[in-house]
Amino acid sequence: MNSFWNCYKGKKVLITGHTGFKGSWLAIWLQQLGAEVYGYALAPNSNLDNFITCDLTNKINHYEGDVRDAKKMQAYFKSVQPDIAFHLAAQPLVLLSYQDPVGTFETNLMGTVNFFEAVKNTPSIKVAINVTSDKCYDNKEWVWGYRENDSMGGKDPYSASKGCSELITSSYLNSFFKDENTCLVASGRAGNVIGGGDWAQDRILPDYFRSVKANQKLMIRNPHATRPWQHVLEPLSGYLNLAAALWIKGRSFTGGWNFGPEDTSNYSVKELIEKILLIDSNGGYTTPELTEKPHEAALLKLDISKAVNQLNWRPVLSFDETVEFTVAGYKDDMNGGNMFSKRTEQITDYTNKAVSRGVAWATGYENK
Ligand SMILES: NC(=O)c1ccc[n+]([C@@H]2O[C@H](COP(=O)([O-])OP(=O)(O)OC[C@H]3O[C@@H](n4cnc5c(N)ncnc54)[C@H](O)[C@@H]3O)[C@@H](O)[C@H]2O)c1
């Protein structure tokens, strides 16, 4: 397959957070694209993690380290001498950020600073992408999608940490990476992603499939909260598209980029679970009345016009297909077998859909 203009073939690509949900899928995809993949992160949380079930310890170059340890991180970057770096290591959970705000800020702020310091001191890196979140925006709970030039914000510690991570990215870009021949820096902002291999606590689908396994009904905290649900491969295709565009076309692609679903694809938690139940009726849910609960954004949309118009990127899957891919991924998790090849089959399936729908990174059509 020559997706992404064959940009990754033979390149050394370093991922922070490769033991996590998105990072492990990214590592598998990059491996499939012919890259030499290196990862820096904490050890995986459990034996259910995608990283473990896909046996990535033996498939990529795996290194355990903390992003708060600037020295260790920098030494690793220097020893690898990568061409491209993706920063995904983070404390990614809103609820945990209420319990551990200090740890969340340390990891998500100083981790980002340490990432860019390591990039600055490793001149082999030509392109660096920081993965943040749709929650980086000052959420006004309005119906319109946020654009890349809207202001950063965040009420809860996690969202604020992602807003800060964006400001750090922009500060490094403007202070250290703006001249010719310096690293090309950008950030990717995406919303909640779903797919097989995610077993994190306090996320709706891991919670749901845990309840299916336990033969119980899931209590949904916020049934009416809408999210721009996407299969994990959708934003990953955006990050890969973005890094390839920077590599091939250069500086005009630096800065922040939204990668979300089409405007019509925002669904509530309840609608998502009901769609899953149509495919696999094994589970169920209840919606208890909570008297007091921490603030979580109820309405959050991304405007993806910039990525569509300038990168020629767009989401591939309909909402129904997103749910089908996700249920299939969790069924793979539950049935076991060669998970690495099951994941690569799903990536191939996704790529073939992208080709048939004329998406530029899959067909080889030029970036604008
Ligand atoms: N999953 C989502 O729905 C979602 C939505 C928006 C943004 N994001 C962002 O995408 C990125 C990846 O998220 P994910 O869902 O894969 O999370 P995850 O929890 O599955 O993985 C997090 C990764 O970061 C690593 N990590 C955490 N703290 C670390 C530390 N101190 N030092 C080194 N490594 C550390 C973990 O080891 C793991 O590899 C994060 O930046 C997250 O904020 C995720």
Side-chain angles (χ1 to χ4, degrees), residues 14-28 39-46 48-52 56-57 60 62-70 72-73 76-77 86-97 100 102-115 118 129-137 154 156-166 168-169 187-207 227-236 238-239 258-261 269 272 296-297 300 302 322 326:
L14 193 155
I15 304 169
T16 71
H18 66 293
T19 55
F21 172 47
K22 285 166 92 171
S24 57
W25 273 97
L26 182 61
I28 295 167
Y40 182 96
L42 298 179
N45 289 324
S46 88
L48 287 174
D49 285 357
N50 203 32
F51 177 84
I52 297 286
L56 290 190
T57 320
I60 63 163
H62 162 64
Y63 187 77
E64 280 174 27
D66 197 311
V67 291
R68 292 166 293 187
D69 186 341
K72 187 173 180 179
M73 194 166 163
Y76 184 65
F77 277 48
F86 291 94
H87 182 50
L88 284 86
Q91 190 302 90
L93 303 171
V94 174
L95 287 184
L96 186 57
S97 80
D100 183 16
V102 176
T104 301
F105 283 121
E106 279 174 355
T107 297
N108 296 1
L109 271 65
M110 284 318 292
T112 306
V113 171
N114 294 338
F115 171 75
I129 307 286
N130 182 24
V131 168
T132 66
S133 168
D134 57 352
K135 296 194 173 68
C136 68
Y137 291 108
D156 61 88
Y158 170 74
S159 303
S161 78
K162 287 293 171 176
C164 290
S165 182
E166 279 291 342
I168 292 165
T169 309
S187 67
R189 305 160 184 175
N192 289 55
V193 291
I194 54 179
D198 186 11
W199 292 97
Q201 297 296 327
D202 293 322
R203 273 187 189 155
I204 185 71
L205 286 197
D207 286 349
R227 294 282 183 267
W229 308 106
Q230 285 199 292
H231 189 266
V232 61
L233 296 177
E234 302 270 34
L236 295 188
Y239 310 150
N258 290 342
F259 297 107
V269 172
L272 173 68
E296 261 196 79
L300 190 53
L302 287 175
T322 300
T326 301

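When a ligand or atom number is given, it counts from 1 through the structure's own listing order.
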Student: May I ask which of D198, T132, L88, D49 has a heavy atom nearer to atom 9 (C) of ligand 1 than the others do?
Tutor: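 Residue with the shortest heavy-atom distance to the ligand atom: T132.
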
Student: Should G20 be counted as touching ligand 1, given the test is an N or O pair under 3.5 Å?
Tutor: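 Among all N and O atoms of G20, at least one is under 3.5 Å from an N or O of ligand 1.
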
Student: Under 3.5 Å between any N/O of V67 and any N/O of ligand 1: does that happen in this structure?
Tutor: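 Between V67 and ligand 1 (N or O atoms, distance only) the closest approach is under 3.5 Å.
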
Student: Which option, P206, S133, G191, G195, owns the non-hydrogen atom nearest atom 5 (C) of ligand 1?
Tutor: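 Of the listed residues, G191 has the closest heavy atom.
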
Student: Report the nearest protein non-hydrogen atom to atom 17 (O) of ligand 1: residue, atom name, distance rounded to 0.1 Å.
Tutor: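 Nearest neighbour among protein heavy atoms for atom 17 (O) of ligand 1, to 0.1 Å: P92 CG, 3.3 Å.
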
Student: Starting from atom 23 (C) of ligand 1, which protein heavy atom do you reach first, and at what distance in Å?
Tutor: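 Of the protein heavy atoms, G17 CA, 3.7 Å lies nearest.
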
Student: Considering only protein heavy atoms, which is closest to atom 35 (C) of ligand 1, and at what distance to one decimal place?
Tutor: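 So the nearest neighbour among protein heavy atoms is L42 CG, 3.6 Å.
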
Student: Is it the case that the ring center of F51 lies less than 6.0 angstrom away from the ring center of H18?
Tutor: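 Here the rings of F51 and H18 have centres that are less than 6.0 Å from each other.
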
Student: Look at the aromatic rings of H231 and W25 and report parallel, tilted or perpendicular, splitting at 30° and 60°.
Tutor: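 Geometry flag for W25 against H231: perpendicular rings.
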
Student: Under 4.0 Å from ligand 1, counting heavy atoms only, is it the side chain of A200, its backbone, both or neither?
Tutor: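 No part of A200 is near ligand 1 at this cut-off.
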
Student: Considering only heavy atoms, which of T107, N50, T104, L26 lies nearest to atom 28 (N) of ligand 1?
Tutor: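 Shortest heavy-atom distance from atom 28 (N) of ligand 1: T107.
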
Student: Based purely on interatomic distance, does D134 place a nitrogen or oxygen under 3.5 Å from a nitrogen or oxygen of ligand 1?
Tutor: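 Looking only at distances, the answer is no, because the N/O contact criterion of under 3.5 Å is not met.
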
Student: Applying side-chain hydrogen bond (donor to acceptor under 3.5 Å, both in side chains), run through T169 and S187 and close with a yes or a no.
Tutor: CA-CA 7 Å; T169 309; S187 67; 5.3 Å; no

Student: Once you restrict to heavy atoms under 4.0 Å, what part of W199 touches ligand 1? Side chain, backbone, both or neither.
Tutor: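 It is neither part, as no heavy atom is under 4.0 Å.
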
Student: Please report which non-hydrogen protein atom sits nearest to atom 15 (O) of ligand 1, along with the residue it belongs to and the distance in Å to one decimal place.
Tutor: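 Here the closest protein heavy atom is R203 NH2, 2.8 Å.
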
Student: Please report whether ligand 1 has a polar contact with D66, defined as an N or O pair separated by less than 3.5 Å (distance criterion only).
Tutor: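 The answer is yes, given that D66 and ligand 1 share an N or O pair closer than 3.5 Å.
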
Student: Give yes if a backbone or side-chain nitrogen or oxygen of F21 is under 3.5 Å from a nitrogen or oxygen of ligand 1, and no if not.
Tutor: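 Yes, there is a polar N/O contact under 3.5 Å.
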
Student: Checking a contact table here: which protein heavy atom is nearest atom 3 (O) of ligand 1, and how many Å away?
Tutor: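 Of every protein heavy atom, V193 N, 2.9 Å lies nearest to atom 3 (O) of ligand 1.
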
Student: Give the residue and atom name of whichever protein heavy atom lies nearest to atom 43 (O) of ligand 1, and the separation in Å to one decimal.
Tutor: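 Looking only at protein heavy atoms, the one closest to atom 43 (O) of ligand 1 is Y158 OH, 2.7 Å.
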
Student: Say whether K22, considering both its backbone and side-chain N or O atoms, lies within less than 3.5 Å of an N or O atom on ligand 1.
Tutor: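 In this structure, K22 places an N or O atom under 3.5 Å from an N or O of ligand 1.
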
Student: To which protein heavy atom is atom 39 (O) of ligand 1 closest, and what is the distance rounded to 0.1 Å?
Tutor: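 Looking only at protein heavy atoms, the one closest to atom 39 (O) of ligand 1 is T19 OG1, 2.6 Å.
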
